[in-house]
There are 2 protein chains.
Amino acid sequence: MDYTIKEIAERADVSIATVSRALNNDKRVKASTKALVVSIAREFNYRPNILARNFVRRKSNIIGLIMPDIVDEFFTEVIKGVESVAHSGGYFTLVASTHSREGSLLETLAAFTHRRMVDGLILLTTNLSPAIKKGLSESGIPVVVIGENPELKETDVIAIDNYQGAYSLVSHLINKKGYTKIAHIAGPPENSDAVQRKQGYLQAHQDHGLTVNPHWIVDGAFTIPSGEAAFRRLMSLIQKPEAIFAANDMMAIGCYEGADSFGLSIPEDVAVAGFDDIFVSRFLSPRLMTVGVPIAEVGKTAATLLLDRMNSESHIASRLVTISTGMVLGQSS
Amino acid sequence: MDYTIKEIAERADVSIATVSRALNNDKRVKASTKALVVSIAREFNYRPNILARNFVRRKSNIIGLIMPDIVDEFFTEVIKGVESVAHSGGYFTLVASTHSREGSLLETLAAFTHRRMVDGLILLTTNLSPAIKKGLSESGIPVVVIGENPELKETDVIAIDNYQGAYSLVSHLINKKGYTKIAHIAGPPENSDAVQRKQGYLQAHQDHGLTVNPHWIVDGAFTIPSGEAAFRRLMSLIQKPEAIFAANDMMAIGCYEGADSFGLSIPEDVAVAGFDDIFVSRFLSPRLMTVGVPIAEVGKTAATLLLDRMNSESHIASRLVTISTGMVLGQSS
DNA sequence: ACAATAAATGTAAACGTTTACATTTTAGGA
DNA sequence: TCCTAAAATGTAAACGTTTACATTTATTGT
């Protein structure tokens with residue numbers, strides 16, 4: 001049998017309003033009454049009906065986390081960071097993957113935000129469309145976006161400093177390592193991380209007075225096979241690059257595999273660098289040179305900003321937190 | 001303005017009951033009425049109040065996923081598998097980590113199960129206590145456990161064949177590789193995966209007429225540093241083992257690091273094998289010999305069984321699905 | 001002792017659905 | 001046409017809380 005406040009009220013000989021107040025620590029209820037109610041509640045092993053409470057309070061105590069996909073460490077770490085902060089703030093975390101489909105994202109967005117199925121939302125995306133921006137701004141709940149900046153009022157953004165990371169790394173390849181022929185395996189063009197990394201690569205060249213051979217920029221899909229394919233393409237050119245900057249570590253791994261099958265050695269025949277500093281990268285031989293992103297920070301920061309926004313009475317203007325990246329040296333260049 | 005069925009009813013000049021039925025595809029409502037209601041709902045951009053619906057239906061359309069921690073690929077893959085199946089079944093996934101604390105698990109369990117905050121539960125654990133078993137059996141909602149078998153009525157279990165995997169791998173080391181002095185770095189004794197892997201190790205020795213030197217079995221914590229520490233300990237023995245079977249890949253990686261600092265080479269000086277076949281293991285040099293677990297299967301199977309149980313009217317007896325493991329050859333032995 | 005005020009409690013509505021049951025409308029058969 | 005059964009719709013309660021407002025009870029200062 002599941003007890004309700006009604007039964008407790010009966011037993012304590014008070015009204016349900018008093019029971020409700022006693023159990024919610026309303027200061028208006030007399031200490032002795034409260035003690036009585038609480039003891040009966042305990043005796044009955046009473047638990048409030050969450051669904052009823054959510055309904056009347058118009059909140060669910062749940063924060064939604066929407067990601068394009070759940071793969072690799074990046075997403076895990078974000079989930080972990082969000083969950084831990086949410087948990088200590090008394091919230092649960094509803095995780096949804098849109099399986100990289102925009103339609104699915106819009107659908108999930110609608111399901112989550114309409115009528116407060118979730119009280120707040122963290123959206124991880126690098127590919128914002130106008131429809132999504134509209135959905136976000138109309139959602140009526142606090143939102144934090146990780147990745148691309150939607151430039152919306154009252155929406156916080158966690159941005160990863162892709163540009164700076166790429167710029168530093170490429171500059172290092174030019175200055176310290178003396179490479180002048182550096183290729184780039186870019187990520188998907190609709191992915192803002194990829195775009196920024198590419199810009200860092202381009203700007204570093206320009207600032208050092210180098211021009212890039214357009215054939216040295218090839219697109220990839222952030223996956224190992226696409227990295228390997230890009231490597232093969234680059235190594236088939238008449239004008240071969242001396243070094244390759246892959247827009248993420250997975251594609252850099254693809255280069256390692258490509259080099260292996262070509263019988264080329266890294267970095268003697270061709271240097272390789274990546275981005276992300278995923279767990280594997282330190283176990284590659286030679287250790288991959290890459291750019292590290294403090295991913296755990298990202299999730300935690302996002303959740304912290306979100307809780308702050310949810311708990312605040314007043315409106316808070318948009319905040320932008322840039323998570324800086326750091327170069328990780330390796331022997332692959 | 002958020003419209004409710006009341007406004008739709010008014011506009012369509014029908015009762016709210018008819019609106020509700022029309023929107024829920026009740027066959028009793030006339031086609032023309034339904035069309036009218038649906039068109040008004042669309043015009044109003046109506047969305048049902050999920051919280052109200054959950055309340056009256058006494059279900060939330062959410063399944064809970066409780067894990068001891070959110071780290072490494074195993075958990076990611078499980079979340080991914082669960083989420084994808086849940087999503088296609090019309091459910092959302094609430095993820096909670098208990099941060100490896102039993103108290104927290106009990107608390108989360110209570111929060112999730114009491115009064116249907118979640119409609120079904122997947123619990124990932126290798127360390128079941130009586131209190132937790134009690135909590136599960138009293139939960140009143142469908143439950144699927146991944147890991148240890150709680151032996152409860154109407155609770156499905158997804159078990160990973162740790163014993164067989166360890167047995168096969170150790171047998172292979174003995175038969176094919178000819179090792180007779182094989183050490184074992186065990187996992188935490190309260191972890192059932194660890195216990196089973198150790199048993200496979202022991203039984204393989206017994207079945208091949210070998211006795212194990214008790215000094216060759218040391219405990220670890222499933223982490224890289226604990227693997228390295230164990231490696232140092234084993235290599236400081238007078239009677240050194242020829243091969244080391246670590247209960248998971250992370251500890252095997254610790255062995256690689258230990259070997260590196262001792263100036264020992266794998267497998268010439270000492271062979272190393274692991275368990276799990278995590279992503280990194282194929283990038284270690286030499287490639288780690290290990291036991292692969294089809295993790296994606298685990299999450300998907302769990303969610304599938306759970307949905308099946310939730311959608312079934314009749315009671316279903318406990319089901320046990322054993323996910324078989326497979327040996328992965330590598331040059332580390 | 002008596003207002004006046006503060007503290008404690010009670011009453012009842014409200015939240016937006018779903019649904020059992022009652023009623024009305026429609027269709028079909030004689 | 002009328003009767004009956006089936007189809008469609010309506011009425012109203014129910015779900016378990018919270019909370020605005022009303023009422024009662026206790027406390028304080030004079």
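The side chain of B:F55 lies closest to D:dG16, out of D:dT17, D:dG16, D:dT19. Checking C:dC15, C:dT17, D:dT17 against the side-chain heavy atoms of A:A52 singles out D:dT17 as nearest. In the set D:dA8, D:dG16, C:dT11, the nucleotide with an atom closest to the side chain of B:R58 is D:dG16. Of all nucleotides listed (D:dA12, D:dT17, C:dG16), D:dT17 comes nearest to the side chain of A:N49. Listed nucleotides: D:dT9, D:dT18, C:dT9. Nearest to the side chain of B:R21: D:dT9. Considering only the side chain of B:I16, D:dA12 comes nearest among D:dC21, D:dA12, D:dT18. Listed nucleotides: C:dT9, D:dC15, D:dT11. Nearest to the side chain of B:V56: D:dC15. The nucleotide whose nearest atom lies closest to any side-chain atom of A:A17 is, among C:dT11, D:dA8, C:dT9, C:dT11.
With respect to the salt-bridge test (charged N to carboxylate O, under 4.0 angstrom), the residues B:K134 and B:E138 qualify.
Surrounding CG of A:N311 are more than 12 heavy atoms belonging to other residues, nucleotides or ligands, all under 6.0 Å away.
Projected onto DNA chain D by closest heavy-atom contact, A:K30 and A:K6 fall at different nucleotides, the more 5' of which corresponds to A:K6.
Here B:N24 lies in heavy-atom contact (under 4.0 Å) with sugar-phosphate atoms only. Within 4.0 Å of A:K27, counting heavy atoms only, lie sugar-phosphate atoms of the nucleic acid but no base atom. Contacts of B:D13 with the nucleic acid, taken as non-hydrogen atoms under 4.0 Å apart, involve only primed sugar atoms and P, OP1 or OP2.
At distances below 3.5 Å, at least one donor-acceptor pair connects side-chain atoms of B:R309 with backbone N or O atoms of B:I316. Formation of a donor-acceptor pair under 3.5 Å by the B:T126 side chain with backbone atoms of B:G147 is not found in this model.
Proximity of A:T18 to the phosphate of C:dG10: a side-chain N or O atom is located under 4.0 Å from OP1 or OP2. Within the 4.0 Å cut-off from OP1 or OP2 of D:dT18, at least one side-chain nitrogen or oxygen of A:S20 is found.
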